[in-house]
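As structure tokens, the structure follows; a few thoughts come after it.
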Amino acid sequence: MIPLMSTQSIAPALTENDHLILIDGSTFIFRAYHALPPLTRKPDGLPVGAVSGFCNMLWKMMQEGPTKETGDEPTHFAVIFDKSGKTFRNDFYPEYKAHRPPPPEDLRPQFGLIRQATRAFGVPAIEQQGYEADDLIATYARQAEAQGARVTIVSGDKDLMQLVTDKIGMVDTMKNKVIGKPEVFEKFGVGPEKVVEVQSLAGDSVDNVPGVPGIGLKTAALLINEFGDLDSLLEQADTIKQKKRRENLIEFAEQARISKRLVQLEEAVPVETPVEDFTVCDVDGAQAVGFLKAMGFTSLTKKVADKTGAVLENIEPIEPVIEGWESTAKPAEQAEDSAGELEGKAWTAAPLAEKVAAEISALPVDNSAYETVSTIEHLKEWIAQAYEVGYVAVDTETDALNAMEAGLVGVSLSCTPGKACYIPLAHVDGEGDLFSGGALVEGQIPLQEAIALLKPMLEDPAVLKIAQNMKYDWLVLKRYGVEMAPFDDTMLLSYALDAGMGGNGMDELSQRWLNHTPIPFKEVCGSGKSQISFDKVPLDKATSYAAEDADVTLRLWKILKPRLAAEEMTVVYERLERPMVATLAKMERRGISIDRQMLSLLSGEFAQGAAALEAEIHDKAGEIFNVGSPKQLGEILFGKMGLPGGKKTKTGAWSTSASVLDDLAAQGHELPSKIVEWRQLSKLKSTYTDALPSFINQETGRVHTSFSLASTSTGRLSSSEPNIQNIPIRTAEGRKIRQAFIAEKGKKLISADYSQIELRVLAHMADIPQLKQAFADGLDIHAMTASEMFGEPIEGMDPMVRRRAKAINFGIIYGISAFGLANQLGISRGEAGDYIKTYFERFPGIKEYMEETKKFVHANGYVETIFGRRAHYPDVNTKNPNMRQFYERAAINAPIQGSAADIIRRAMVRMDEVLETANLDAQMLLQVHDELIFELPEDQVDETKKLVITTMEKATEPALQLSVPLKVEAEAATNWEEAH
DNA sequence: ACGGCCACTTA
DNA sequence: GTAAGTGGCCGTC
């Protein structure tokens, strides 16, 4: 290291009357970023949320001091930043802080702005190559102390606690906590002078300080208190009684010594700016106000102007230098480059992500290391840990699968890979019979108390909550009064990154990324008839299962989150995935009313109809058989009666599908059409009229579906328990079921649906002039297609001609084949092929688009929607021509279906706020791919309709302007059938 | 009791 | 021809 001479200051040395405040810039920046909703500057969309938060915090600190207690006027004041790039610690330990994911894309341009903001307030912004902010803070604090002054360090970083003395105090403003010697002792179990010794043993996963395996804070403090310091301990390690601990201390002695050098702050940095220069001076109003004006922070600008006496109107905005961001969209590669440069990282994000994955998956899962939390103190320790690292993996255990009914049984947490706890809350004695069981097991914190302790942390903007399938945990906890925020979801991270590569469930992800099989639920609760609910599981067994889930979730997050930036999927995740969690959770919570009586009546009608048909069928067949059995039916139709069999199923049996039966009916046979009718009726009865009432929630009296965000390859949602996305509409009988979905008294339902959204998306993506023109002119798209293809005028067109064109349009969206079109239209393969040929001649752009898509998927293994969502087809290059063509069709369809899904997602994410801002009480209840269903007071119908329509039609903006208008139609009624 | 198959429902 | 979920039957465990 080249020794640098400290610059001599002309300012006087500090005295015991002086008070130096050192602000840890990183703490401020990251708190400001995570604590506040994203904010962008008006004209150009520059992200400024963190800048705004930082300025407010800095200004407050300058006005009031760090806290009331230590709020005596500072005489010296500076903000210390980390300089990006390598530090001296990396010279002897390259892995130091290597786990850190790169900063989020929208934070990157704000680093520079925040330094400029600091200077605009007349405060020194200090950073120095090769040193971390902590080292500079240590050096300045010791220098000031040596001169007799008092020092207050403002930071949330526990590494700085080693500096605390009578003269040097610490304040964590975010948590409103003053840290002196007693607080350090409470945290580390030793005084500030021994903090380094303890940390070198316990390690720190956040900074990637290894420490000694198996030794946490508690044990470390114990050992240091016994042996005095690290060196003495390592010398006498062979005297330790506990076998594993002794072995580890001997084996990892060198690792502990390295850890000590990592956590030991450098207190003699040859600083470029002397501490004497930090003298507080009056704020130059013109500078500060100029900067704030340029940022567009109106209320702070006014405050600062008032205080400094600057005349707001006379000050011109001072535009700061902006690095790492441009207001106009630019190619992805460029964004990557400039972002990399800005932070001066030697690595790009992708190799970092790989490195993280390798390290996390190498650490074995040890279920015996997990803790069962049974006291308030223990719980508090875990909560404190979450605050400390700023994130925590959370998993709730419940007594049922359905989030709207399940009771909370316990919560598990993890902040460090390999370390996790389970907090049992409602485990009951499983012994005894059905009635006597149910006594709470001992060693559990009362549920309400535990929730009261957890709630502030789970809702605190400073702590990121991480879960696998957050919607479930969010819903369960919401029912206990907790609204978790902010959060990440590992299932959605995986979905954004790898849709189509396989499932996104935790077991599968654990297998894929950690090469680890978590304890199967079956092993804990059994299965089938002997299955027990989780509240009956003994605490030790529950802990190894539940805590493992939190551990695995945290590890998956550490692996998947850095990939987001590396693979440019941040925007997809943050705009299209994550915000849907709360949106959908709220919809599920609201549920929808159904008319139980009406369904019951229908069930009766369907039963009668089916019974009558069944009798006829048996009569015509000449024997009694199970009509619901395709096998028995096949034997009768194609065996006994000798009818000509058409298709075979893939298992070799005669197909009795509706299309086959329809063909037979067309040949003049009576039985087949009766079968078709019977099947339709029994389907309506069993799946809808019988099943729906069983989904009515006891407490709410409504039906709460569960939407799945990550179970399609294209980005569509799916719905289950019950599936409300396939409620009948085609037949008159089926529509009666829709009538049973009703609005509450005094309310109405609105159904708003996109008209032809997929064809519009296709027209935009494939850039087809005639289609775009037709949509712009509001024409009947199928008639227009027919007119182009067959040369017939739209007026007075034969409905059959239009029907053919419609089938072709749908076929195009599905990745058309002559085989499929022929089936659909009941024409020959050759004829269908001719239609397709004609179509491609009239719309050459479509053909080109389909060929390009195929080329793309073969080259890349995935395709993309207009908003960048990816659908992967890892097997598209298979040699099997049928499979290959299947994947190609799916790849053609995915960008179209997926883009439409993206669009409605954007509308949904925005909808609640839009309605609320307009003071409307409408509530979004359901989504059916291109349709949204709302419930609202009947006197707000007109206004709501208008707002819903614009929100949906403008959903791509401002990110994207389609070259085709989107059209939404909305109707209101007291039931879904009439509204649709 | 579980899972595959077939049928039906939707966009 | 794309994307889903559910229910009944039936063979296997």
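A note on names: the letters A, B, ... follow the listed sequences, proteins ahead of strands, and every chain is numbered from 1.
Within 4.0 Å of A/Gln632, counting heavy atoms only, lie sugar-phosphate atoms of the nucleic acid but no base atom. Using a 4.0 Å heavy-atom distance criterion, A/Ala807 is classed as a base contact. No engagement by A/Ala818 is indicated, since no non-hydrogen atom pair under 4.0 Å with the nucleic acid exists. Residue-level contact check: A/Glu721 touches the backbone only, with heavy atoms under 4.0 Å from sugar-phosphate atoms and none from bases. Nucleic acid contact class of A/Ile729 (heavy atoms, under 4.0 Å, all strands): sugar-phosphate only. Among the atoms of the strands shown, only primed sugar atoms or phosphate atoms (P, OP1, OP2) are found under 4.0 Å from some heavy atom of A/Gly628. As judged by a 4.0 angstrom heavy-atom cut-off over every strand, A/Ser720 is placed among residues touching the sugar-phosphate backbone only. Using a 4.0 Å heavy-atom criterion, one finds that A/Arg889 contacts the sugar-phosphate atoms exclusively. Note on A/Ile816: a base of the nucleic acid sits closer than 4.0 angstrom, heavy atoms only. Backbone-only engagement by A/Phe819 is indicated by non-hydrogen atom pairs under 4.0 Å involving sugar-phosphate atoms exclusively. Within 4.0 Å of A/Ser713, counting heavy atoms only, lie sugar-phosphate atoms of the nucleic acid but no base atom. Counting any heavy atom pair closer than 4.0 Å across all strands shown, A/Ser682 reaches no nucleic acid atom. Counting any heavy atom pair closer than 4.0 Å across all strands shown, A/Ala691 reaches sugar-phosphate atoms only and no base atom. Among the heavy atoms of the strands, none lies under 4.0 Å from A/Ile892.
Comparing atom distances between the A/Thr712 side chain and each of C/dG5, C/dG8, C/dA3 picks out C/dA3 as nearest. Here the side chain of A/Ala890 is nearest to one of C/dC10, C/dT2, B/dC8, namely C/dT2. Here C/dG1 is the nucleotide among B/dA11, B/dA7, C/dG1 with the atom lying nearest to any side-chain atom of A/Ser817. Set against B/dC6, C/dG8, C/dT2, the side chain of A/Thr649 has B/dC6 as its closest nucleotide. The side chain of A/Lys650 has B/dC6 as its nearest neighbour among C/dA4, B/dC6, C/dG1. Of the candidate nucleotides B/dA11, C/dG1, C/dT6, B/dA11 has the atom lying nearest to any side-chain atom of A/His980. If you check C/dC9, C/dG11, B/dC5 against the side chain of A/Thr651, the one that comes closest is B/dC5. Among the nucleotides B/dT10, B/dA11, B/dC8, the one closest to any side-chain atom of A/His929 is B/dA11. When the nucleotides C/dT2, B/dA7, B/dT10 are ranked by their closest atom to the side chain of A/Phe886, C/dT2 comes out on top.
Side-chain N or O atoms of A/Ser706 include none that pairs as donor or acceptor with a backbone N or O of A/Glu721 at under 3.5 Å.
When the side-chain nitrogen and oxygen atoms of A/Ser711 are compared with OP1 and OP2 of C/dG5, one or more of them lie within a distance under 4.0 Å. The side chain of A/Thr714 contributes no N or O atom lying less than 4.0 Å from OP1 or OP2 of C/dA3. Here A/Arg679 reaches the OP1 or OP2 of B/dC8: one of its side-chain N or O atoms lies under 4.0 Å away. Using a 4.0 Å cut-off, some side-chain N or O of A/Arg730 falls inside it from OP1 or OP2 of B/dT10. For A/Ser718 and C/dA3, the shortest distance from a side-chain N or O to OP1 or OP2 is not below 4.0 Å.
When the C1' atom of C/dG8 is taken as reference, atom OH of A/Tyr688 falls 14 Å away, rounded to whole Å. Distance, A/Asn893 CG to C/dT2 C1': 3 Å, rounded to whole Å. Atom NZ in A/Lys522 sits roughly 12 Å away from atom C1' in C/dC13 (whole-Å rounding). Across the protein-nucleic acid pair, A/Asp690 atom CG and B/dC8 atom C1' stand 15 Å apart, rounded to whole Å. In this structure, CG of A/Asn626 is placed 15 Å from C1' of B/dC5, rounded to the nearest angstrom. The distance from atom OH of A/Tyr839 to atom P of C/dG1 is 19 Å, rounded to the nearest whole Å. The interatomic distance linking A/Asn823 (CG) with C/dT2 (P) rounds to 11 Å, in whole Å. One interatomic measurement links the two molecules: CG of A/Leu692 to P of B/dT10, which rounds to 14 Å at whole-angstrom precision.
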Item to complete: Test A/Phe856 against A/Tyr873 for ring-ring contact (aromatic ring centres under 6.0 Å, His included), laying out the working first.
Response: CA-CA 11 Å; A/Phe856 188 94; A/Tyr873 296 93; over 10 Å; no
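One finds no salt bridge joining A/Glu831 and A/Arg804 here, because no Lys/Arg side-chain nitrogen approaches an Asp/Glu carboxylate oxygen to under 4.0 Å. At a threshold of 4.0 Å, the pair A/Glu670-A/Lys620 counts as salt-bridged, since one of the basic side-chain nitrogens sits closer than that to a carboxylate oxygen. Ion pair A/Arg716/A/Glu758 flagged as a salt bridge, since at least one NZ, NE, NH1 or NH2 atom sits closer than 4.0 Å to an Asp/Glu carboxylate oxygen. With respect to the salt-bridge test (charged N to carboxylate O, under 4.0 angstrom), the residues A/Lys736 and A/Glu977 do not qualify.
No hydrogens or angles were tested; on distance alone, nothing pairs the side chain of A/Gln725 with the base of B/dT10 as donor and acceptor under 3.5 Å.
Atom CD of A/Glu841 has more than 12 heavy atoms from other residues, nucleotides or ligands within 6.0 Å.
Judged by the 6.0 Å and 45° rule, A/Lys647 forms no cation-pi pair with A/Trp654.
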